[in-house]
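Computation of the quantities below employed the complete heavy-atom set of this structure, encompassing side-chain atoms and omitting hydrogens, waters and symmetry-equivalent molecules. Bear in mind that the values here come from a model prediction, so they are computed numbers and not experimental data.
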Amino acid sequence: LLLVSENSTSYGKDLGNLRLLEELLPGLAAVPGISRIRVSYLQPAELRPGLVDVMTGTPGVAPYFDLSFQHASGRVLRSMRRFGDGPRFCALLDQIRERCPDAGVRSNFIVGFPGETPEDVAELEQFLSDARLDAIGIFGYSDEDGTEAASLDGHVDPAEIARRADDLSDLAEELMAQRAADRHGETVDV
């Protein structure tokens with residue numbers, strides 16, 4: 001059973017219960033015939049310790065964290081109206097792996113967001129190297145009609161966005177191959 005939404009960690013906010021997903025998952029795992037539950041698209045700023053505990057400690061719930069990091073530079077993230085930075089994200093990953101060393105982690109990243117500097121890209125590269133993610137998606141920024149970002153100053157040249165995306169994609173491929181090699185020999189149910 002795959003639970004997916006733009007932000008699954010917000011499940012229950014509209015009902016006044018920020019912990020509703022924590023309560024839902026064990027109940028779903030107990031339903032006869034459901035052998036595995038996977039939750040996608042979790043916001044790092046909303047991933048509470050109780051939800052981490054449920055996702056890493058409930059039989060039938062895959063310890064798989066599809067986290068929407070988007071970048072690692074705190075400055076770029078604030079411009080995106082998001083929270084966090086590389087060190088905070090690494091601390092979150094440490095908490096997850098303390099509870100379940102074999103937890104899988106996936107995320108996507110946008111490069112070339114308006115105002116992104118070479119220093120911001122270097123922060124993202126360092127985070128990717130430190131984070132040991134199992135799956136990484138790299139996407140180049142592009143304007144979308146009607147979005148606030150389209151009107152921001154500091155647009156990065158499209159050729160530079162493509163270069164950054166290519167460089168980071170190459171790094172991501174290398175890092176994912178290393179992570180896969182670290183897991184060689186494990187026996188897992190899929």
Side-chain angles (χ1 to χ4, degrees), residues 4 6-9 38-47 62-97 100-186 188 190:
V4 61
E6 185 176 326
N7 178 3
S8 295
T9 43
R38 191 173 86 181
V39 183
S40 284
Y41 307 131
L42 305 166
Q43 293 297 327
E46 296 180 1
L47 189 57
Y64 174 79
F65 293 81
D66 195 331
L67 295 162
S68 187
F69 288 133
Q70 301 297 311
H71 210 285
S73 162
R75 194 184 63 73
V76 171
L77 287 164
R78 283 187 299 281
S79 184
M80 292 178 174
R81 300 205 180 273
R82 300 175 78 84
F83 301 97
D85 56 30
R88 287 187 185 122
F89 295 160
C90 282
L92 174 61
L93 293 170
D94 288 345
Q95 291 173 12
I96 290 167
R97 291 179 175 138
C100 182
D102 296 330
V105 182
R106 176 197 174 279
S107 193
N108 290 324
F109 299 88
I110 299 171
V111 294
F113 194 81
E116 182 187 67
T117 65
E119 292 78 17
D120 296 320
V121 175
E123 280 187 60
L124 178 53
E125 289 172 349
Q126 185 62 54
F127 171 74
L128 291 173
S129 295
D130 293 343
R132 298 179 9 251
L133 303 177
D134 296 281
I136 302 166
I138 302 291
F139 300 93
Y141 170 83
S142 62
D143 282 337
E144 297 296 329
D145 289 338
T147 63
E148 184 179 337
S151 64
L152 291 176
D153 292 332
H155 275 66
V156 179
D157 181 74
E160 177 62 15
I161 292 173
R163 187 193 65 74
R164 290 177 186 181
D166 286 345
D167 290 350
L168 284 168
S169 292
D170 290 344
L171 175 62
E173 288 296 325
E174 178 184 325
L175 294 169
M176 288 185 295
Q178 289 173 7
R179 183 71 172 146
D182 291 345
R183 300 185 89 149
H184 186 262
E186 288 181 16
V188 296
V190 296

*Asks:* Just jot down the ring pair (Phe, Tyr, Trp, His ring centres under 6.0 Å) partners of F113, sequence neighbours excluded, or say none.
*Replies:* Y141

*Asks:* Check whether R82 reaches the backbone of S68 with its side chain - one donor and one acceptor, N or O, closer than 3.5 Å.
*Replies:* yes

*Asks:* Show me the pairs that pass side chain to side chain donor-acceptor pair (under 3.5 Å) and involve residues 103-114, at least two apart or across chains.
*Replies:* D66-R106, R106-N108

*Asks:* Does a donor on one side chain sit under 3.5 Å from an acceptor on the other, for D130 and Q126?
*Replies:* yes

*Asks:* Check for a donor-acceptor pair, side chain of R75 on one end and backbone N or O of G115 on the other, with a separation under 3.5 Å.
*Replies:* yes

*Asks:* Is a side-chain donor or acceptor of D134 paired with a backbone partner of V105 at a separation under 3.5 angstrom?
*Replies:* yes

*Asks:* For L128 and F109: C-alpha separation, side-chain torsions, deciding distance, then whether side chain to side chain contact (heavy atoms under 4.5 Å, CB included) applies.
*Replies:* CA-CA 10 Å; L128 291 173; F109 299 88; 3.6 Å; yes

*Asks:* Is it the case that the side chain of T9 and the backbone of Q43 share a donor-acceptor pair, with hydrogens and angles ignored and the cut-off at 3.5 Å?
*Replies:* yes

*Asks:* Does S169 use its side chain to pair, donor to acceptor, with the backbone of A165 at less than 3.5 Å?
*Replies:* yes

*Asks:* Is a donor from one side chain sitting under 3.5 angstrom from an acceptor on the other, for H155 and D143?
*Replies:* yes

*Asks:* Do E173 and I136 touch side chain to side chain, with heavy atoms closer than 4.5 Å?
*Replies:* no

*Asks:* Please name the pair of heavy atoms, one in L42 and one in S8, separated by the smallest distance, quoted to 0.1 Å.
*Replies:* CD2-CB, 4.2 Å

*Asks:* Work out which heavy atom in S40 is nearest to a heavy atom in V4; give both atom names and the distance.
*Replies:* CB-CG2, 4.0 Å

*Asks:* Do D120 and L124 make a side-chain contact, defined as non-hydrogen atoms from C-beta onward lying under 4.5 Å apart?
*Replies:* no

*Asks:* Could you tell me whether a side-chain N or O of R183 sits under 3.5 Å from a main-chain N or O of D102, the two making a donor and an acceptor?
*Replies:* yes

*Asks:* Hey, could you give me each pair passing side chain to side chain donor-acceptor pair (under 3.5 Å) that has a residue in residues 159-168? Not counting sequence neighbours.
*Replies:* E116-R164, E160-R163, E160-R164, R163-D167

*Asks:* I'd like to check L67 versus I96 (side-chain heavy atoms, cut-off strictly below 4.5 Å). Are they in contact?
*Replies:* yes

*Asks:* Within this structure, what is the CD-CG distance for the pair Q95 and L93, rounded to the nearest 0.5 Å?
*Replies:* 9.5 Å

